[in-house]
Amino acid sequence: MTARADFLTRIRREVAKAPGQFAAAPAPRPAHPSAAAHAIRRELAERWAQALDRFREEFERIAGVFHRVPTLAAVPAVIAAIARERGASRVVTWDPGALGFDPAPALSREGLAVAAVRAGQEDEAARERHRAEAAAAQIGVTGADFVLAETGTLILRSGAGRPRSTSLLPDVHVAVFGRDRLLETLEQVGVVLEAIHADPDQPTSGAMINFITGPSRTADIELTLTRGVHGPKEVHAIFVEAP
């Protein structure tokens, strides 16, 4: 057997150890994306609990850490506990308007230094400053635009007050979300994103979209797995029960 054939055989053997969870199939593009997205939201209002259970199962399967709190007011206590367990002293966050709450006052009382990006103040100097703050922080706190149940994936769109560096540079990424962010399948994600991009009034319709499935992982040619090389070593998801 040639070196090339042996190499390909080894790849096929290793890939076969972890087959896909479901077969890939193309989905038709919706003729009316907004109406299709609305129908998905209406259906999920009835079965969000099942979608959340599936997300938690898949998220924990890929080494994510799941938390559940009753209200947004309880979120800073969870972040502070994560920081204490890891000896963290610096936190960087999205703009409070993008998060839906401001964790800084409560986290500051816990002795944590908090840096938040501010929407509308994002000239080149501000972007450079936030990247430096994100690189120095041990914990990055973001929201989640969508949460994909079937793969345990967090989906984040970049934009004003919500830079990618917040989730990518710190060692620990914490994402906060509610039931309205849950989607069951990748097909549903495609429909909802299509609706967003078809809407000229969406301020982030042309934003970068990140699909985050667990901590950063990379493997060399010998398939030795290493975490945290290209992103966070840990990913936490905090589900807020209150609508």
Side-chain angles (χ1 to χ4, degrees), residues 37-86 88 91-110 112 114 116 139-157 159 161-162 166-167 170 172-186 188-189 191-193 195-196 204 209-215 232 234-243:
H38 181 71
I40 290 170
R41 290 298 190 196
R42 188 170 60 248
E43 294 168 4
L44 279 169
E46 300 293 330
R47 56 174 187 261
W48 67 267
Q50 294 93 323
L52 180 64
D53 287 342
R54 176 71 186 280
F55 169 77
R56 177 174 185 169
E57 177 184 350
E58 298 300 330
F59 186 66
E60 291 179 340
R61 190 196 304 274
I62 54 175
V65 183
F66 182 85
H67 309 265
R68 186 167 183 160
V69 297
T71 65
L72 280 172
V75 172
V78 177
I79 298 171
I82 295 170
R84 285 193 300 272
E85 290 170 2
R86 286 144 191 83
V91 178
V92 66
T93 78
W94 276 0
D95 184 283
L99 276 177
F101 73 111
D102 186 359
L107 294 179
S108 296
R109 289 194 294 271
E110 295 286 342
L112 295 168
V114 183
I139 298 175
V141 180
T142 73
D145 292 283
F146 308 108
V147 172
L148 175 54
E150 71 179 355
T151 57
T153 299
L154 303 167
I155 301 171
L156 281 61
R157 293 181 296 149
R162 39 166 62 217
T166 310
S167 64
V172 179
H173 173 208
V174 179
V176 182
F177 71 98
R179 66 182 68 174
D180 61 321
R181 306 299 182 180
L182 286 161
L183 294 172
E184 296 168 306
T185 66
L186 188 59
Q188 291 176 350
V189 173
V191 171
V192 175
L193 289 176
I196 290 172
T204 57
I209 303 171
N210 289 337
F211 284 65
I212 302 172
T213 307
E234 296 181 31
V235 177
H236 295 249
I238 304 178
F239 173 71
V240 181
E241 294 177 358

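Remember, predicted model here, so these are calculated numbers, not experimental data. Residue numbers count from 1 along this sequence.
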Open item on the list: Evaluate Ser167 against Thr142 for side chain to side chain donor-acceptor pair (under 3.5 Å), listing each step before the verdict.
Closed with: CA-CA 7 Å; Ser167 64; Thr142 73; 5.8 Å; no
Open item on the list: Which residue in the set Val91, Thr93, Leu72, Val78 passes side chain to side chain contact (heavy atoms under 4.5 Å, CB included) when paired with Pro103?
Closed with: Thr93
Task: Side-chain touch Trp94/Val176, heavy atoms, less than 4.5 angstrom - done: no
Task: Check: Val75 and His67 side chains under 4.5 Å, non-hydrogen atoms - done: no
Open item on the list: Is it the case that the side chain of Asp102 and the backbone of Ala104 share a donor-acceptor pair, with hydrogens and angles ignored and the cut-off at 3.5 Å?
Closed with: yes
Task: Side chain to side chain, Leu154 and Val147, heavy atoms closer than 4.5 Å - done: yes
Open item on the list: Under 4.0 Å between a side-chain nitrogen and a carboxylate oxygen: does that hold for Glu241 and Arg68?
Closed with: yes
TODO: Could you tell me whether the side chain of Leu186 reaches within less than 4.5 Å of the side chain of Leu148, counting heavy atoms only?
DONE: yes
Task: Test: Glu57 and Arg54 ion pair at under 4.0 Å - done: no
Open item on the list: Are the side chains of Ile79 and Leu107 in contact, using a 4.5 Å heavy-atom criterion?
Closed with: yes
Open item on the list: Consider side chain to side chain contact (heavy atoms under 4.5 Å, CB included). Of Val235, Thr153, Thr151, which one does Phe59 pass it with?
Closed with: Val235
- [ ] Could I get the full list of ring pair (Phe, Tyr, Trp, His ring centres under 6.0 Å) partners for Phe177, not counting sequence neighbours?
- [x] Phe55, Phe239
- [ ] Determine, step by step, whether His236 and His173 satisfy the side chain to side chain donor-acceptor pair (under 3.5 Å) criterion, reporting the C-alpha distance in whole Å, the side-chain angles of both residues, the deciding distance to 0.1 Å, and the verdict.
- [x] CA-CA 6 Å; His236 295 249; His173 173 208; over 6 Å; no
TODO: For Arg84, check side-chain contact (heavy atoms from CB on, under 4.5 Å) against everything at least two apart and list the hits.
DONE: Ala80, Ala81, Glu110
Open item on the list: With a 4.0 Å cut-off on N to O distance, would you call Arg162 and Asp145 a salt bridge?
Closed with: yes
